[in-house]
Number of protein chains: 2
Amino acid sequence: MATRWLTQEQQRWWRAYLLGTAALQEALNRQLETDAEISLSEYEILVRLSEAPQRTVRMSELAASVMHSRSRLTHTVSRMERRGLVERQACEDDGRGINCVLTPIGFDLLDRTAPGHVEAVRTHLVDLLTDEEFRVLGHVMEKIAAGPQAD
Amino acid sequence: MATRWLTQEQQRWWRAYLLGTAALQEALNRQLETDAEISLSEYEILVRLSEAPQRTVRMSELAASVMHSRSRLTHTVSRMERRGLVERQACEDDGRGINCVLTPIGFDLLDRTAPGHVEAVRTHLVDLLTDEEFRVLGHVMEKIAAGPQAD
DNA sequence: GGCTCCAAGTTGAAAGTGCAACTAACTAGT
DNA sequence: ACTAGTTAGTTGCACTTTCAACTTGGAGCC
């Protein structure tokens, strides 16, 4: 079958996508790294934990919620544990499971870091767009995250 | 000054953004890696080179065009050079400059890889959206790539 | 020419990530 | 109870990316 190439315009949007996401990623990581010595993915982990009951989430759930491989999460959590930001606990009802718990130190860090991070998200993303544009972006991203439906 | 937190809805879009970009990145990388043992960023480098006159671009320009640090590009190009995909040449008019040139082997690889990649971009992005949505996405991404204007 | 400053590119080490192999524990079928 | 298959999580190694330090060459100024 002949390849359905992208049109000129589509190529332009696609390239913009690559550059835009790279730029944003870069900006947010830099802000978090300089202000809190933490990466965006670590920050996301702190957020997920802070929102959970008991500030506790199982490793596999946590991995899924931030779209990391289990291996990657293991490494990242180990580093964060060394810094005292989180702790591991055995899981009551499943002998294989490990719960990841946010420590007071981790919560404090999140607390202190959040304002600067939110400000950066505004500066580099939200404030650049109209409400409608942001809404469409969100919508579009939900579709992309869901991925091609395997029917 | 009080932090301007995100609204519930904005948080939702923001989270969708994080998940969506991660999912797409993952999908495209996987496709390229299994089909051509190449990463998305290496693919992008091949594309930029293939489009340039003489299939040649200076290292610093190349780095800027794919939003990589100079250091990162140096390492990546070294790896690609080892595989025979690109070559380095001294720059005529600037003793410091290095030109990166696409080799026939590199061009062939790109040629063979492009259809599968484009197909993946369609499957995981373009075909999931209406034309209008994609247009808005592109527009939005151009703004994000441009970043906050420092006035 | 001889300064100083900046830009281009590389280097090596440290940190992050992916992959495959591994252990341990749950599940199901018999 | 036993076995096979599956899921949770970790580990070690290879590979990738970042960061700071370094080398080299150009630009401007006196």
Side-chain angles (χ1 to χ4, degrees), chain A residues 18 21-23 25-46 56-83 85-101, chain B residues 21-23 25-45 56-83 85-101:
Chain A
L18 288 172
T21 52
Q25 179 88 15
E26 152 86 8
L28 296 181
N29 262 312
R30 182 169 305 282
Q31 184 270 326
L32 281 171
E33 206 69 57
T34 54
D35 288 9
E37 296 194 319
I38 211 175
S39 69
L40 179 54
S41 28
E42 288 169 330
Y43 182 89
E44 281 302 305
I45 290 172
L46 294 180
T56 299
V57 182
R58 262 185 83 159
M59 292 293 282
S60 51
E61 275 180 52
L62 191 51
S65 78
V66 293
M67 291 270 280
H68 290 184
S69 67
R70 272 192 241 93
S71 168
R72 177 177 175 186
L73 188 66
T74 294
H75 289 302
T76 306
V77 164
S78 298
R79 286 190 300 265
M80 293 173 78
E81 197 172 20
R82 256 178 257 133
R83 293 176 59 183
L85 305 178
V86 301
E87 267 172 16
R88 278 186 241 238
Q89 287 179 354
C91 192
E92 294 293 323
D93 43 315
D94 187 339
R96 300 165 300 180
I98 301 278
N99 283 325
C100 186
V101 189
Chain B
T21 53
Q25 179 89 16
E26 152 86 9
L28 296 181
N29 262 312
R30 182 170 305 281
Q31 185 270 324
L32 281 172
E33 206 69 58
T34 53
D35 287 10
E37 296 195 320
I38 211 175
S39 70
L40 180 54
S41 29
E42 288 169 329
Y43 182 88
E44 281 301 305
I45 290 173
T56 298
V57 182
R58 263 186 80 159
M59 291 293 282
S60 51
E61 274 179 54
L62 191 50
S65 79
V66 293
M67 291 270 280
H68 291 184
S69 66
R70 272 192 247 91
S71 170
R72 178 177 175 186
L73 187 67
T74 294
H75 288 302
T76 306
V77 164
S78 298
R79 286 189 300 265
M80 294 173 78
E81 197 172 21
R82 256 178 257 131
R83 292 176 59 183
L85 305 178
V86 300
E87 265 171 17
R88 279 185 241 238
Q89 287 179 353
C91 193
E92 294 293 323
D93 44 314
D94 187 339
R96 300 165 298 180
I98 302 279
N99 283 325
C100 186
V101 189

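The sequence lines fix the lettering, A, B, ..., with proteins before strands; numbering per chain opens at 1.
Each of A/Leu73 and B/Asp93 has a nearest nucleotide on DNA chain D; the 5'-most of these lies closest to A/Leu73. Comparing B/Asp94 and A/Asp94 by the nucleotide of DNA chain C whose heavy atom lies nearest to each, the residue mapping closer to the 5' end is B/Asp94.
Here the closest non-hydrogen pair linking B/Ala90 and B/Asn99 is O-ND2, 3.9 Å. Here the shortest heavy-atom pairing between B/Arg58 and B/Cys91 reads CD-SG, 3.9 Å.
Close to C/dG9, at under 4.0 Å from its OP1 or OP2, lies a side-chain N or O of B/Arg58.
Atom CG of B/Asn29 and atom P of D/dT17 are 9 Å apart (whole Å). Rounded to an integer number of Å, the gap from CE of B/Met59 to P of D/dT24 is 18 Å. In this structure, A/Asn99 atom CG and D/dG9 atom P are separated by 8 Å, rounded to whole Å. Rounded to an integer number of Å, the gap from CG of B/Leu62 to P of C/dT10 is 11 Å. Taking atom CD on B/Glu81 and atom C1' on C/dG9, their separation rounds to 13 Å, with Å as the unit. What separates CG of B/Leu40 from P of D/dT16 is a distance of 14 Å, to the nearest Å. Rounded to an integer number of Å, the gap from B/Glu37 CD to D/dC15 C1' is 13 Å. Residue A/Ile38 contributes atom CD1, which lies 11 Å from atom P of C/dG16 at whole-angstrom precision.
Between A/Ile38 and A/Leu46 the shortest side-chain heavy-atom distance falls below 4.5 Å. Side-chain contact between A/Ile45 and A/Val57 is absent, with no heavy atoms from C-beta onward closer than 4.5 Å. Residues A/Arg83 and A/Arg79 form no side-chain contact, since every pair of their non-hydrogen atoms from C-beta on lies 4.5 Å or further apart.
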Letter by letter from the 5' end, nucleotides 17-22 of chain C scores (B base, S sugar-phosphate only, - none; protein heavy atoms under 4.0 Å) BBB---
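In this model, no side-chain donor or acceptor of B/Arg96 finds a partner on the base of D/dT24 within 3.5 Å.
Annotation: salt bridge (Lys or Arg N to Asp or Glu O under 4.0 Å) contacts of A/Glu33 (sequence neighbours excluded): none.
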Anything under 3.5 Å between a donor and an acceptor, one on a side chain of residues 61-71 of chain A, the other on a protein residue two or more places apart or in another chain? List them.
residue : atom : partner : partner atom : Å
A/Ser65 : OG   : A/Leu62 : O            : 3.0
A/Ser69 : OG   : A/Arg72 : N            : 3.0

